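Any value given below was found using the heavy atoms of this structure, including those in side chains, with hydrogens, waters and symmetry copies removed. The shown structure was predicted, so the numbers you read here are calculated from the model rather than taken from an experiment.
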Amino acid sequence: MSVEVLWHSPPLFSVGLFISTFGFIMLGSIGPRYASIAFGSLLIAIYTMLGAHESENIWFQPLMLLSGAAWYYLVSMVWHIFWPMQPVQQSLSTVFFELGNYLDSKRELFHPVTELVPQPLRITEAKRNASTVQALNQCKSTLLNRSKRGHIDGASDRFLNIYFLAQDIHERVSSSHYRYQELASYFQHSDILFRFKHLLETQASACREIADAIRLGKEYQHQGTSISALDELQTSLQFLKDQQNPQWRLPLIQLEFLFNNLATVEKQLSNVSNPDAEKLEERVLDDTEAHTLSAMWQRVKSNLNKDSILFRHAIRMSVALTLGYAIIQFFNIERGYWILLTTLFVCQPNYSATKQKLTARVLGTIAGLLVGVPLLTFFPSQESQLVFIVLSGVLFFAFRINNYGFATAFITLLVLFCFNQLGEGYAVILPRLTDTLIGCILAVLAVVYILPDWQSKRLHRVMADAIDANKVYLGQIIGQYRIGKKDNLSYRISRRNAHNSDANLSAAISNMLIEPGKYRTAVDESFRFLTLNHALLSYVSALGAHRSRIDDETTHQLVLESHRIIHQHLEALHNQLYNHCEDINIALTNSDLEERLSEWREEDDRSVRMVLQQLHLIYRMIPELHSLAAKFAARVEHKTS
């Protein structure tokens with residue numbers, strides 16, 4: 001409506017376009033739902049501009065566009081009446097599909113070769129973990145849409161239990177119980193690691209079968225392949241223990257921990273068909289939505305500064321769209337509002353995402369035009385073209401999320417055929433291509449020159465956040481070794497934050513590699529830090545997977561003392577990275593503590609041995625983490641000086 005009212009006054013329209021674009025994008029700080037509303041509002045505004053010159057009055061286009069939206073709403077509501085759980089099934093299916101991929105990346109670590117270099121495998125594992133975390137977050141968001149302040153009842157209850165099972169499986173899969181290169185050196189002449197690899201492969205296949213069953217709404221039947229692999233692995237472990245080889249004593253204990261962990265994963269996979277078998281005590285999701293006007297305003301207010309990625313994107317998009325509108329007015333471009341449409345789609349919060357969208361948009365538009373012109377020639381009748389309109393519309397929605405390039409090609413076909421219904425099919429070919437290129441150029445210029453958000457300049461903060469999240473996660477776990485295992489909400493929040501931070505670090509480094517060379521910094525050190533942080537998260541996850549109460553007071557005091565020192569180091573690491581401090585005020589090593597952690601008594605039970613071992617693995621990483629943090633600080637100081 002505002003587009004129609006201001007249409008004949010370009011100066012006022014420009015001011016309105018800038019202010020409304022900024023306001024709508026900042027609205028996204030309230031939450032994903034409001035971000036969707038904001039994007040949709042801007043999209044509808046640009047579509048109104050496309051038809052404003054043919055509008056009979058200020059009511060015509062708003063009524064037509066809202067009628068189209070209402071019609072889609074009615075159709076989708078009818079669909080949801082018949083298949084109400086389909087969105088939950090789709091998102092939960094994606095979770096298990098990604099878990100299968102994650103298990104595949106983990107199995108590559110169990111390769112008994114001498115001088116195994118785990119870093120490339122760890123980097124791949126971190127990327128797969130990031131995809132799994134993204135799928136879990138999307139599933140949680142879908143479930144929250146069907147909840148009342150995080151509480152879910154009714155038909156979604158069963159899927160909520162499966163979601164909690166997936167969370168537990170993810171924690172166990174992300175666990176690491178020992179240094180893989182050392183296991184490879186100990187058992188290079190045995191088939192035991194191959195058996196672990198085979199078990200992980202069968203469990204990955206089981207995850208994909210679960211994904212298919214959930215997606216199609218079928219009952220999952222757990223196959224015996226992975227159970228047989230587990231039994232054979234147990235037999236092989238017992239055979240190695242019977243050899244009484246003193247060199248294998250410690251590594252065999254680690255393999256037993258790993259076996260127990262995978263045995264629990266096997267149990268959880270079989271429970272998917274009966275998710276009510278093990279219910280959590282606190283079956284509630286963390287509701288992150290802002291429900292009051294005060295909470296909404298606080299979220300918007302907290303993003304009103306130049307350090308906010310959303311604020312930078314809002315300024316960038318406002319300037320780019322206003323500049324695009326100025327170009328249209330100055331050159332009197334008849335259908336120039338495709339420039340704004342392209343800019344809206346292509347301009348993303350960072351350079352990497354913008355470059356990917358730009359490539360897909362340009363190639364998709366060219367492909368759509370190349371395919372569309374022959375189709376217009378061979379199928380000139382309006383009736384035959386209606387078939388292509390429906391088909392290209394369906395295919396656009398099918399590829400809209402998974403492949404933006406294909407989606408752009410099909411929406412270009414849709415545009416061509418729609419305009420051809422008005423007798424202007426061939427006339428829009430050149431404007432469509434030209435406007436797309438201009439819009440892409442505006443998007444790139446905005447991302448590069450208007451408050452640019454280069455990853456290298458914020459990477460130290462992402463690293464600091466990852467260390468801090470691991471510190472909080474570890475603290476939650478250690479507390480439960482006093483009181484016993486509890487999958488309460490605070491524990492699950494800390495676990496999710498740790499994995500989210502690890503995924504953010506992986507994404508930040510990947511995005512940095514796509515940016516221009518002069519904006520990349522410390523690439524090797526960044527990958528090494530990613531490897532160590534993911535290993536740290538894996539060691540902490542193993543502690544979380546095996547939580548149980550420790551009754552021995554002497555052992556518990558050692559655990560508390562070890563955690564206190566590790567906590568101090570992680571806190572110092574966070575400050576070191578966040579504030580660019582090269583020097584730290586605490587000792588890097590404590591030989592007495594390291595010796596006490598590396599040796600345990602034979603009479604200690606297995607859970608005690610596992611806790612001390614994991615704390616020892618974490619403690620051994622600290623000096624290298626401090627060294628890398630100091631290098632990052634030195635590079636920043638060198639650049640600023």
For a quick check under 3.5 Å, do D242 and Q238 share a side-chain donor-acceptor pair by atom type? yes
Just checking, any donor-acceptor pair under 3.5 angstrom between side chains of S91 and Q138? no
Looking at [Y], is its backbone amide N or carbonyl O close enough to the side chain of [X] to form a donor-acceptor pair, meaning the two atoms are under 3.5 Å apart?
X    : Y    : answer
S494 : V472 : no
N511 : A507 : yes
R195 : L233 : no
R312 : P452 : yes
Q243 : F239 : yes
S541 : S175 : no
D191 : F194 : no
K127 : S510 : no
S627 : P623 : no
Y619 : I565 : no

More than 12 non-hydrogen atoms from neighbouring residues, nucleotides or ligands closer than 6.0 Å to CZ on F527, yes or no? yes
Got a sec: does the OH of Y186 have more than 12 other heavy atoms crowding it under 6.0 Å? no
Would a 4.5 Å heavy-atom cut-off, applied to side chains only, mark [X] and [Y] as touching?
X    : Y    : answer
T235 : D231 : no
L537 : Y473 : yes
H170 : Y102 : yes
F164 : R492 : yes
L144 : E289 : no
L230 : F259 : yes
Y578 : D468 : no
F187 : L252 : yes

Atom pair [atom1] ([X]) and [atom2] ([Y]), whose distance is rounded to the nearest 0.5 Å:
X    : Y    : atom1 : atom2 : result
E553 : H556 : CD    : NE2   : 6.5 Å
R520 : I514 : CZ    : CD1   : 9.0 Å
Q348 : D453 : CD    : CG    : 13.0 Å
S506 : L530 : OG    : CG    : 5.5 Å
F96  : T132 : CZ    : OG1   : 11.5 Å
N500 : R495 : CG    : CZ    : 11.5 Å

When you look at R299 and S29, which way does the side chain to side chain donor-acceptor pair (under 3.5 Å) test go after all the steps? CA-CA 6 Å; R299 290 194 179 186; S29 59; over 6 Å; no
Kindly indicate whether a cation-pi arrangement holds for R547 with Y491, taking the cut-offs as under 6.0 Å to the six-membered ring centre and within 45° of the axis. yes
Heavy-atom pair with the smallest gap, counting every atom of [X] and [Y]:
X    : Y    : result
L536 : M621 : N-CE, 3.6 Å
S131 : E98  : CB-OE1, 3.4 Å
L570 : I467 : O-CG2, 3.4 Å
M512 : S526 : CE-OG, 4.0 Å
L92  : I162 : CD2-CG2, 3.6 Å
C207 : L269 : SG-CD2, 3.9 Å

Ionic contact status for [Y] with [X], cut-off 4.0 Å:
X    : Y    : result
D524 : R528 : no
R172 : D168 : yes
E125 : R128 : no
R496 : E171 : no
D104 : R208 : yes

Trace of the salt bridge (Lys or Arg N to Asp or Glu O under 4.0 Å) decision for K355 with E515: CA-CA 9 Å; K355 184 178 179 180; E515 294 173 351; over 6 Å; no
Let me see the working for Q576 and H626 under side-chain contact (heavy atoms from CB on, under 4.5 Å), right down to the final yes or no. CA-CA 8 Å; Q576 204 177 354; H626 279 302; 2.9 Å; yes
Salt bridge (Lys or Arg N to Asp or Glu O under 4.0 Å) between E571 and K471, worked out: CA-CA 8 Å; E571 184 72 33; K471 180 194 72 177; 2.4 Å; yes
What's the verdict on salt bridge (Lys or Arg N to Asp or Glu O under 4.0 Å) for R461 and D465, showing C-alpha distance, side-chain angles and the deciding distance? CA-CA 6 Å; R461 293 186 178 180; D465 290 341; over 6 Å; no
Can you check side chain to side chain donor-acceptor pair (under 3.5 Å) on R122 and S176, steps first, answer last? CA-CA 11 Å; R122 282 284 196 186; S176 289; 3.2 Å; yes
Check against side-chain contact (heavy atoms from CB on, under 4.5 Å), I210 and F97: CA-CA 8 Å; I210 292 170; F97 180 78; over 6 Å; no
Run the side-chain contact (heavy atoms from CB on, under 4.5 Å) test on L121 and S105 for me, step by step, so that the C-alpha distance in whole Å, both residues' side-chain angles and the decisive distance to 0.1 Å come before the verdict. CA-CA 7 Å; L121 302 175; S105 66; over 6 Å; no
Hey, mind stepping through Q557 and E561 against side chain to side chain donor-acceptor pair (under 3.5 Å) and telling me if it holds? CA-CA 6 Å; Q557 288 303 316; E561 181 187 354; over 6 Å; no
Starting from the C-alpha separation in whole Å, work towards a yes-or-no answer on side-chain contact (heavy atoms from CB on, under 4.5 Å) for V133 and N137. CA-CA 6 Å; V133 170; N137 288 339; 3.7 Å; yes
Go through the steps to decide whether S226 and E266 satisfy the test side chain to side chain donor-acceptor pair (under 3.5 Å), and finish with yes or no. CA-CA 8 Å; S226 53; E266 186 66 24; 2.5 Å; yes
